[in-house]
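The block underneath contains the structure these notes are about, expressed in structure tokens.
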Amino acid sequence: MSTWMMFSFQDSVSPLMEHLILFHDHTMMIIMIITMIVFYMMFSMMINKYLNRYLLEGQMIELIWTILPALMLIFIAFPSLRILYLLEETKVPMLTIKSIGHQWYWSYEYSDFNKIEFDSYMMPTNDLESSQFRLLEVDNKVVLPFNTNIRLLFTSSDVIHSWTVPSLGLKVDCSPGRINQGSININRPGIYYGQCSEICGANHSFMPICLESINMNMFINWLMLY
Ligand SMILES: [Cu+2]
């Protein structure tokens, strides 16, 4: 892996993350326009010498500077709500995987098939090969097929953890005694990384998530190994 790749997030691999990136860019554009206008007005106020000691009200400008921000908020709020509902949407899933957070590792269950269960521990730095990421590599990766609707169920056996993979645009809390749901559709093969995102104890930083996406045939072959 190149050095620079270690300093940035991985590229998006799901339609949901694509939506989130578009929404970020849209919102950022609005914010930048507002910031530039405000700075221009502050600057022009400082350098001009206009004054009006008897000004008490200006109905028209007050109307404009009330309505305009409200409109801008609507242009941010509606796309935001749309994504919020899209993220919660579960299409008919072909596959369900259960992920359980433990202090301090993840375990996975593929309960649709034979009883497939395994633990996923971080690889110690000394065991890494030169192409692998420190503190992100695990001994048993979650293997998932791409172009498939997958339902993920999350829970925990002890404290609250949070299963997060930035390139999928997914972050779901794992609470003990409760099951949360997430839904993904990975659109290409690859290896994707994530970390627990809920401060869960001493080794919180050492329970990474490593996900390998492969095609359906390879996935079925992988299932046969168990
Ligand atoms: Cu955790």
Side-chain angles (χ1 to χ4, degrees), residues 1 5-14 16-17 19-21 24 83-84 86-90 93 95-113 115-129 131-146 149-186 190-214 222 226:
M1 291 293 162
M5 264 190 76
M6 299 188 204
F7 294 101
S8 62
F9 282 124
Q10 290 181 293
D11 288 344
S12 139
V13 286
S14 82
L16 289 176
M17 190 58 204
H19 275 107
L20 288 168
I21 292 170
H24 166 270
I83 295 177
L84 197 65
L86 277 176
L87 289 172
E88 290 293 313
E89 182 71 37
T90 308
L95 194 70
T96 302
I97 274 115
K98 191 172 170 191
S99 165
I100 303 146
H102 305 265
Q103 279 179 320
W104 288 277
Y105 62 97
W106 295 96
S107 67
Y108 298 95
E109 291 178 11
Y110 291 62
S111 18
D112 286 338
F113 307 97
K115 204 142 173 57
I116 299 176
E117 296 180 22
F118 56 86
D119 295 338
S120 179
Y121 281 91
M122 187 192 77
M123 294 242 289
T125 306
N126 292 333
D127 300 353
L128 291 178
E129 287 169 27
S131 62
Q132 292 180 309
F133 289 114
R134 190 177 74 95
L135 305 182
L136 286 178
E137 225 68 47
V138 298
D139 54 358
N140 293 306
K141 297 185 180 78
V142 208
V143 178
L144 294 174
F146 56 81
N149 285 333
I150 301 165
R151 170 169 55 193
L152 292 154
L153 301 174
F154 301 99
T155 188
S156 166
S157 65
D158 34 59
V159 297
I160 304 175
H161 300 274
S162 183
W163 200 90
T164 308
V165 176
S167 47
L168 293 176
L170 192 71
K171 174 177 281 178
V172 182
D173 273 11
C174 306
S175 316
R178 147 175 197 131
I179 292 176
N180 286 329
Q181 179 177 267
S183 165
I184 54 169
N185 191 321
I186 308 167
I191 297 176
Y192 310 110
Y193 297 94
Q195 287 171 307
C196 176
S197 299
E198 180 68 57
I199 310 287
C200 58
N203 289 330
H204 162 64
S205 6
F206 309 117
M207 49 181 297
I209 296 138
C210 190
L211 190 148
E212 187 171 353
S213 141
I214 54 179
W222 177 82
Y226 279 88

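Atoms within each ligand, like the ligands themselves, are counted from 1 in listed order. The first residue of the sequence shown is numbered 1, and numbering continues consecutively from there. Just so it is clear, the model here is predicted, and its values are computed rather than measured.
- Side chains of Arg151 and Thr96: a donor on one and an acceptor on the other come within 3.5 Å.
- Classified by interplanar angle (parallel below 30°, tilted 30° to 60°, perpendicular above 60°), the ring pair Phe154/Trp163 is tilted.
- In this structure, the side chain to side chain contact (heavy atoms under 4.5 Å, CB included) partners of Tyr192, at least two apart in sequence or on a different chain, are Gln10, Val13, Val165, Ser167, Ile186, Arg188, Leu211, Ser213.
- Ring-plane geometry between Tyr193 and Phe133 is classed as perpendicular, the angle between the planes exceeding 60 degrees on a 0 to 90 degree scale with a lower cut at 30.
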TODO: Show the numbers, then the answer: is there a side chain to side chain contact (heavy atoms under 4.5 Å, CB included) between Met122 and Leu135?
DONE: CA-CA 7 Å; Met122 187 192 77; Leu135 305 182; 3.8 Å; yes
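- Considering all non-hydrogen atoms of both residues, Val142 and Phe118 come closest at CA-CZ, 4.3 Å.
- With waters left out, the protein N, O or S atoms under 2.8 Å from the Cu ion (ligand 1) add up to 4.
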